[in-house]
Amino acid sequence: MSIEIDNADKVFFPDAGYTKGDLADYYQRISAEMLRHIENRPLTLHRFPDGIAGVNFIQKSVQDHYPDWIKRVTVDKEDGEITHALAGDADTLAWLVDQGTIAFHVWLSRADKPHYPDRLIFDLDPPGDDFDLVVKAARCVRERLDGLGLQAFVMTTGSSGLHVVVPLDRSADFDTVRDFAERVAEQLADEHPDNFTTAHRKDKRHGRLYLDIRRNAYAQTGIAPYSLRAKPGAPIATPLDWDELSDAEIGPQRFHLGNIFRRLGQRDCPWAEIDRHRQSLSAAIRQFDD
DNA sequence: CGTCAGG
DNA sequence: CCTGACGGCTCGAGT
DNA sequence: ACTCGA
Ligand SMILES: [Mn+2]
Ligand SMILES: [Mn+2]
């Protein structure tokens with residue numbers, strides 16, 4: 001099937017001149033790489049029907065006018081149920097782009113086991129735009145996880161920070177995973193009290209980088225790998241190799257619609273093997289308890 | 001962007 | 001007919 | 001019970 005894009009020439013990124021058609025082409029072309037990471041995850045859409053300069057809204061529920069070939073899952077919410085669309089195939093992404101979706105946010109679990117995440121995310125949120133501090137934090141998190149026998153991956157978010165991601169084997173529920181992440185984050189904040197904090201409230205961060213582990217919960221989301229962000233220049237959340245953090249050009253918006261395919265033409269996706277490294281936290285948690 | 005209630 | 005509102009939650013932690 | 005924050 002091929003999705004027809006209405007108003008394909010409508011400009012969605014006025015600064016860079018990218019149109020809705022350009023976005024549909026991008027997601028079509030990246031879909032094989034992207035879907036590996038997000039297939040069967042419930043979607044939360046960030047929609048901008050008139051581009052990044054227009055009004056926007058977040059959408060979780062499948063609407064009545066969605067075509068029935070878009071896969072969906074009905075999950076529990078606090079008071080009742082909600083039906084989310086699922087990332088299933090390139091046509092789904094294209095159809096949702098036609099509806100004005102720019103950014104795709106995804107659950108940390110998949111539809112067949114929604115209470116058991118297969119990703120743990122350390123979200124590194126700098127004060128302002130201090131990216132050197134983000135890099136320092138990412139390396140600290142990685143080193144600590146490595147000491148606990150866990151392999152971690154890193155990606156730019158396209159916004160201001162990085163995500164450090166641990167693939168999981170879905171043996172632990174969200175509470176278990178979040179408790180573990182919290183202990184790691186608090187230990188690092190204790191060791192670097194001038195640089196890092198776990199304080200949720202902004203007025204207690206005092207210019208420090210926030211080690212945010214609170215997205216590791218049921219029905220919470222993270223920006224999807226290879227999602228565009230609705231920001232000038234069309235930055236893309238891009239999986240990295242760890243050694244790329246040393247590059248002079250590195251930054252949270254290093255990759256974008258204008259250079260992502262040059263990059264992927266030169267190297268494979270650094271996360272190509274991520275799901276072959278799905279890990280249990282059990283040993284790491286035991287090590288912590290000793 | 002699509003739908004719907006209200007003017 | 002046109003205009004405006006709506007689309008989203010959750011979830012946990014802190015106060 | 002309400003607010004914060006993503
Ligand atoms: Mn962040
Ligand atoms: Mn955050």
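A quick note: this is a predicted structure, and the numbers were derived from the prediction, not measured. The sequence lines fix the lettering, A, B, ..., with proteins before strands; numbering per chain opens at 1.
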Enquirer: Output the rest of the hydrophobic cluster of A/Tyr218: all Ile, Leu, Val, Met, Phe, Trp and Tyr residues reachable through side-chain heavy-atom contacts under 4.5 Å, sorted by chain and number.
Expert: A/Val73, A/Val75, A/Ile82, A/Leu86, A/Trp107, A/Leu108, A/Ile121, A/Phe153, A/Met155, A/Val165, A/Phe174, A/Ile223, A/Trp271, A/Ile274
Enquirer: For DNA chain C, note the earliest and the latest nucleotide, 5' to 3', having some atom under 4.0 Å of a heavy atom belonging to chain A.
Expert: C/dG7 to C/dT15
Enquirer: Once you round to the nearest 0.5 Å, how far does CD of A/Gln151 lie from CZ of A/Arg276?
Expert: 11.5 Å
Enquirer: Remember a base hit wins even if backbone is also touched, and classify A/Gln220 as base, sugar-phosphate or nothing at under 4.0 Å, heavy atoms.
Expert: base
Enquirer: When the distance from CZ of A/Phe122 to C1' of D/dA6 is rounded to whole Å, what number comes out?
Expert: 17 Å
Enquirer: Rounding to a whole Å, what distance do you find between A/His105:NE2 and D/dG5:P?
Expert: 19 Å
Enquirer: Please measure how far the P atom in C/dG8 lies from the corresponding atom in D/dC4, and state the result in whole Å.
Expert: 24 Å
Enquirer: Under 6.0 Å between ring centres: does that hold for A/Tyr210 and A/Phe196?
Expert: no
Enquirer: Other members of the hydrophobic cluster containing A/Val11, with the 4.5 Å side-chain heavy-atom rule, please.
Expert: none
Enquirer: Can you confirm whether or not the ring centre of A/Phe261 sits under 6.0 Å from the ring centre of A/Tyr26?
Expert: yes
Enquirer: When Ile, Leu, Val, Met, Phe, Trp and Tyr are grouped by side-chain heavy atoms lying under 4.5 Å apart, directly or through other members, which residues fall in the same group as A/Val55?
Expert: none
Enquirer: Output the residues of residues 46-65 of chain A in contact with DNA chain C, where contact means a heavy atom of the residue under 4.0 Å from an atom of the strand; sort by number or write none.
Expert: A/Arg47, A/Phe57, A/Ile58, A/Gln59, A/Lys60, A/Ser61, A/Gln63
Enquirer: Heavy-atom nearest nucleotide on DNA chain C for A/Ala219 versus A/Asp179: which residue maps closer to 5'?
Expert: A/Ala219
Enquirer: To the nearest angstrom, how far is A/Trp95 atom CH2 from B/dC1 atom C1'?
Expert: 9 Å
Enquirer: Kindly write out the residues that satisfy salt bridge (Lys or Arg N to Asp or Glu O under 4.0 Å) with A/Arg178, not counting sequence neighbours, or none if the list is empty.
Expert: A/Asp175
Enquirer: Could you tell me how the ring of A/Trp95 sits relative to the ring of A/His65: parallel (under 30°), tilted (30 to 60°) or perpendicular (over 60°)?
Expert: tilted
Enquirer: Pick base, sugar-phosphate or nothing for A/Ile82, based on heavy-atom distances below 4.0 Å to the nucleic acid.
Expert: sugar-phosphate
Enquirer: Between A/Ile70 (CD1) and B/dC1 (P), how many Å, whole number?
Expert: 16 Å
Enquirer: Got a second to check how far A/Leu257's CG is from A/Arg229's CZ, nearest 0.5 Å?
Expert: 15.0 Å
